[in-house]
Amino acid sequence: DAGVIQSPRHEVTEMGQEVTLRCKPISGHDYLFWYRQTMMRGLELLIYFNNNVPIDDSGMPEDRFSAKMPNASFSTLKIQPSEPRDSAVYFCASSPAGISGLAGVTDTQYFGPGTRLTVL
Amino acid sequence: DAKTTQPNSMESNEEEPVHLPCNHSTISGTDYIHWYRQLPSQGPEYVIHGLTSNVNNRMASLAIAEDRKSSTLILHRATLRDAAVYYCILRGIRQAGTALIFGKGTTLSVSS
């Protein structure tokens, strides 16, 4: 498997523009997470999905941020309009999490390479 | 959620063993101890996890204290590629499928 795929890897845009980040999770994983990493706040959750349904979006900063998962193999994170304070590295992760019989709890998350967003 | 405490930074020389400590004095009986690491300019990656017994895999070993209030991630022979931020994270069995909560972790520097 190619692992979690994110695009673009780098994005530079101007304040006020719309930005769309994309993620393809590992096939068969039921959970998809969007995290953001900044020097000030470290790694923090934005939103996560289970079976394409948003479960917890409490980390989404404000209405300018939205995320969708139209099918099991694709998710987007959109910022509209973008602001300089949105500059960060955005990571997507997927997980096969769950109780899996004799294997016990499966709880490992697999991260993509991230998208480095710069808003000027 | 139970909290973990890690040193901010550690240094090692190449090909020497590295012991990365993590204190978790308020750990509950069903909390698993997970370790992730983040190499420069990459996303975090899973390293190892355990509950009570010591664990080994191809990347590292995890030594868990008998009272489970602390654990140590062991890299048996550090390489330059092991320079990363290492995160110790507690995960209750009911947290499977929820977000990971990252602290500041330990920044490991490896010198040749």
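Note: hydrogens, waters and symmetry copies are ignored here, and every other heavy atom, side chains too, is used. Sequence lines set the chain letters: A, B, ... in the order given, protein chains first and strands last, and positions in each chain run from 1. Bear in mind the structure is a predicted one, so any value in this text is a computation, not a measurement.
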Starting from [Y], can I reach [X] by hopping between I/L/V/M/F/W/Y residues whose side chains sit under 4.5 Å apart?
X: A:V89; Y: A:F111; result: yes
X: B:W35; Y: B:I27; result: yes
X: B:V55; Y: B:I33; result: yes
X: B:L80; Y: B:L75; result: yes
X: A:Y90; Y: A:F74; result: no

Subject >> Residue part contacting chain B, namely of A:Y110, when any heavy atom lies under 4.5 Å >> reply: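 Neither; nothing under 4.5 Å.
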**OP:** For the residue pair A:F91 and B:Q42, establish whether any side-chain heavy-atom pair is separated by less than 4.5 Å.
**Re:**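 Heavy-atom side-chain distance check fails, nothing below 4.5 Å.
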Quick check: are there more than 12 heavy atoms from other residues, nucleotides or ligands sitting under 6.0 Å from [atom1] of [X]?
X: B:R68; atom1: CZ; value: yes
X: A:D63; atom1: CG; value: no
X: B:E11; atom1: CD; value: no
X: A:E14; atom1: CD; value: no

**OP:** Spell out, as yes or no, whether a donor-acceptor pair under 3.5 Å connects the side chain of A:Q109 to the backbone of B:T98.
**Re:**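 The answer is yes, because a donor-acceptor pair under 3.5 Å joins these two groups.
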Original post:
So, the side chain of A:Y35 versus the backbone of B:A99: is there a donor-acceptor pair under 3.5 Å, distance only?
Top reply: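 Side chain of A:Y35 to backbone of B:A99: no pair is present.
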Original post:
Atom CD of B:E45 and atom OG1 of A:T108: how far apart are they, to the nearest 0.5 Å?
Top reply: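 B:E45 atom CD to A:T108 atom OG1 measures 11.5 Å (nearest 0.5 Å).
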Original post:
If you look at every heavy atom in B:Y36 and A:D107, which pair is closest and at what distance?
Top reply: OH-O, 3.9 Å
Original post:
Which members of residues 37-58 of chain A, sorted by number, sit under 4.5 angstrom from chain B on a heavy-atom basis?
Top reply: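 From residues 37-58 of chain A, the residues near chain B are A:Q37, A:L43, A:L45, A:Y48.
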